[in-house]
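Here is the structure we will look at, set down as structure tokens.
Every chain is numbered from 1 and lettered A, B, ... according to where its sequence line falls, protein lines coming before strand lines.
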2 protein chains.
Amino acid sequence: MAYNIPVEATLDVIGGKWKVVIMCHLIKGERRTSELKKLMPGITQKMLTQQLRELEADGVVNRTVFDQVPPKVVYSLTEYGWSLRPILDAMCSWGEGHIALIEKEVAN
Amino acid sequence: MAYNIPVEATLDVIGGKWKVVIMCHLIKGERRTSELKKLMPGITQKMLTQQLRELEADGVVNRTVFDQVPPKVVYSLTEYGWSLRPILDAMCSWGEGHIALIEKEVAN
DNA sequence: CTGTATCCGTGAAGATACTG
DNA sequence: CAGTATCTTCACGGATACAG
């Protein structure tokens, strides 16, 4: 694939609808599938799995399966995934500021 | 709207399919509609206008109309839009590194 | 040159049920 | 608990034509 501008490559990796949200949660530490679901009430099982698979394929997320019953699967950022941290941090903090701004406007 | 995590607010603003690309181009300076189209061969007139309108509505992009014939419209980042720069810069440079990595893999 | 309006196909994403 | 498999829906986004 030829990109017209490098940033498109970034969007290929974290441009999915839920990918940034998932990554932001994983920054705080590894999470089980069920934990991620609770953290993202809006996502369906299908989408969660799908987005995680794609992140895995791009080498930014790790999937660890514990061979036990009931099953336990844990997701975490790979070392390469950690290189996205500056982006994720920036997006998180900008979002906080933006929300504060919106609520201020609503108050008026 | 209630966000489950602040970063969702950020995605509301720059989560559109072309928004980050547009913003990255505007970082380098104001651009006319036709210039943006050339910079983004894959985008349609409709999508370009739509995404620009939404960015405008969110206060991150400015639209300046010159009253002349033929029409001339110039887009630029607003002051608030500039606050997104850390995110955009990080995404751009990460993309560059990611592309380099991919091409290296292909070479093997 | 810039923008709007319309039509329409595709595919993303939801709901549901089922497996191990 | 975690994941897969269908089926369906609907909105995103493309193509096209037209207007100022």
Next on the checklist: Is there a path of hydrophobic side-chain contacts, each under 4.5 Å between heavy atoms, that joins V74(A) and L48(A)?
Outcome noted: no
Checklist entry - Under the 3.5 angstrom rule, does the side chain of E8(A) hit a backbone N or O of Y3(A) as a donor-acceptor pair? => result no
Checklist entry - Per the side-chain hydrogen bond (donor to acceptor under 3.5 Å, both in side chains) rule, which among R63(B), H25(B), R31(B), E56(B) passes with Y75(B)? => result R63(B)
Checklist entry - Crowded around N108(A) CG? As in, over 12 foreign heavy atoms under 6.0 Å? => result yes
Next on the checklist: More than 12 heavy atoms of other residues, nucleotides or ligands under 6.0 Å from CD of Q68(A): yes or no?
Outcome noted: yes
Item to check | 5' precedence on DNA chain D between Q51(B) and Q45(B) (nearest-nucleotide basis) | outcome: Q51(B)
Next on the checklist: Please classify the nucleic acid contact of F66(B) as base, sugar-phosphate, or nothing, using heavy-atom distances under 4.0 Å.
Outcome noted: nothing
Item to check | From Q45(B), K46(B), R53(B), residue fulfilling side-chain hydrogen bond (donor to acceptor under 3.5 Å, both in side chains) relative to T49(B) | outcome: Q45(B)
Next on the checklist: Within this structure, what is the CG-CD1 distance for the pair L84(B) and I27(B), rounded to the nearest 0.5 Å?
Outcome noted: 8.5 Å
Next on the checklist: So does G59(A) get a backbone contact from the side chain of T78(A), meaning a donor-acceptor N/O pair under 3.5 Å?
Outcome noted: yes
Checklist outcome for this item: Contact span of DNA chain D against chain B, any nucleotide atom under 4.0 Å from a heavy atom, 5' to 3', runs dG13(D) to dG20(D)
Checklist entry - For the helix from dC1(C)-dG20(D) to dG20(C)-dC1(D), what angle lies between the axis at the first five pairs and the axis at the last five pairs, to 10 degrees? => result 50°
Checklist entry - Between F66(B) and L52(B), is there a shared hydrophobic cluster once you connect ILVMFWY residues whose side-chain heavy atoms come closer than 4.5 Å? => result no
Checklist entry - Which is true for K46(A) with a 4.0 Å heavy-atom rule: it touches a base, it touches only sugar-phosphate, or it touches nothing? => result base
Checklist entry - How would you give the extent of chain A contacts on DNA chain C, as first and last nucleotide 5' to 3' within a 4.0 Å heavy-atom cut-off? => result dA13(C) to dG20(C)
Checklist entry - Do other residues, nucleotides or ligands put more than 12 heavy atoms under 6.0 Å from the CD atom of E30(A)? => result no
